[in-house]
Amino acid sequence: MSILTEVVTAEAIAARVAELGAQITKDYEGKDPVLLGVLNGAVPFLADLSRHLPPNIEIDFLSLTRFGAEGRVGIKVDSATSISGRDVIVVEDIVDTGLTLSYLLGLLETRSPASIATATLIDKTTRRIVEVALDYRGFEVGDEFLLGYGLDWEGRYRNLTSLWAVLDLAAFQEDPDLLSQEVFAGAADRLDP
Ligand code: IMP
């Protein structure tokens with residue numbers, strides 16, 4: 001049995017992202033929101049989501065440093081956009097314990113935005129330690145470790161177009177090239193006449 005399995009296809013992601021885009025477009029009618037992506041994981045989701053939104057939105061990014069077991073975060077590279085008085089939508093790849101997003105929201109609140117909403121592609125609800133409001137979310141998943149579409153293993157696999165679950169983390173850690181082999185084998189199969 002493979003230690004990796006594709007859990008959400010590229011087609012399913014595209015369909016869900018389009019739905020979220022339609023919902024956000026409706027909710028922000030008459031407003032000029034700023035999408036604030038959390039680097040690096042939110043890049044594919046934010047890019048695809050933004051293409052389902054009207055042209056008046058702005059896009060910016062920030063990156064975070066994490067320190068301490070309790071998941072405290074600081075801003076490593078700040079966004080250039082002033083969010084004072086703006087409608088902000090924080091875009092994340094995944095919300096797991098909720099610690100990162102909850103600290104980030106606390107930091108952003110001090111900058112007096114008109115409103116802050118949250119959008120995440122993946123919600124690991126069962127792993128939550130702190131409650132955090134998610135306004136838009138793509139998929140609710142269990143507690144398996146996921147890779148692809150922004151989610152990484154030591155910086156790799158973010159560029160996969162679909163989401164994969166690691167069924168045996170220990171075996172995967174021993175041979176992290178496995179996913180590339182599976183993905184490339186699948187791509188080669190699809191190219192076979
Ligand atoms: P938090 O636990 O909600 O603070 O999430 C912190 C971070 O953990 C996320 O932004 C991801 O970078 C990472 N993370 C959590 N679950 C996964 C996963 O299944 N795959 C890859 N990264 C993950």
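Both ligands and their constituent atoms are indexed starting at 1 by order of listing.
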Next item on the list: State the atoms of ligand 1, each with its element, that fall below the 4.0 Å cut-off from a heavy-atom position in Thr100.
Entry: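 Counting atoms of ligand 1 from 1, those under 4.0 Å from Thr100 are 1 (P), 4 (O), 5 (O), 6 (C).
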Notebook entry, point to check: Which of the atoms in ligand 1, numbered in the order shown and given with their element, are less than 4.0 Å from a heavy-atom of Thr97?
Noted result: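 Those of ligand 1 that fall under 4.0 Å from Thr97 are 1 (P), 2 (O), 3 (O), 4 (O).
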Does [X] come within less than 4.0 Å of ligand 1, judged by its heavy atoms?
{"X": "Lys124", "value": "yes"}
{"X": "Gly41", "value": "no"}
{"X": "Leu99", "value": "yes"}

For ligand 1, which is the ligand I care about here, please tell me if [X] has any N or O atom under 3.5 Å from one of the ligand's N or O atoms.
{"X": "Phe145", "answer": "no"}
{"X": "Leu146", "answer": "yes"}
{"X": "Asp152", "answer": "no"}

Margin query: Check this for me, if you would: do Arg111 and Asp78 make a salt bridge, where the nitrogen-to-carboxylate-oxygen distance has to be below 4.0 angstrom?
Written below: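 Yes.
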Check: Taking heavy atoms and a distance under 4.0 Å, where does Arg66 meet ligand 1: side chain, backbone, both or neither?
Finding: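 The answer is the side chain of Arg66.
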Rounded to the nearest 0.5 Å, what separates atom [atom1] in [X] from atom [atom2] in [Y]?
{"X": "Ile116", "Y": "Leu36", "atom1": "CD1", "atom2": "CG", "answer": "8.5 Å"}
{"X": "Ile94", "Y": "Arg127", "atom1": "CD1", "atom2": "CZ", "answer": "9.0 Å"}
{"X": "Thr118", "Y": "Asp135", "atom1": "OG1", "atom2": "CG", "answer": "4.0 Å"}
{"X": "Leu35", "Y": "Ile24", "atom1": "CG", "atom2": "CD1", "answer": "7.0 Å"}

Checklist line | Minimal non-hydrogen separation, Arg86 against Glu58, with atom names | finding: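 So the minimum-distance heavy-atom pair works out to NH2-OE2, 3.1 Å.
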Note to self: Students often mix this up, so state it plainly: with edges at 30° and 60°, are the rings of Phe172 and Trp153 parallel, tilted or perpendicular?
What the structure shows: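 Perpendicular: the ring planes of Phe172 and Trp153 meet at over 60°.
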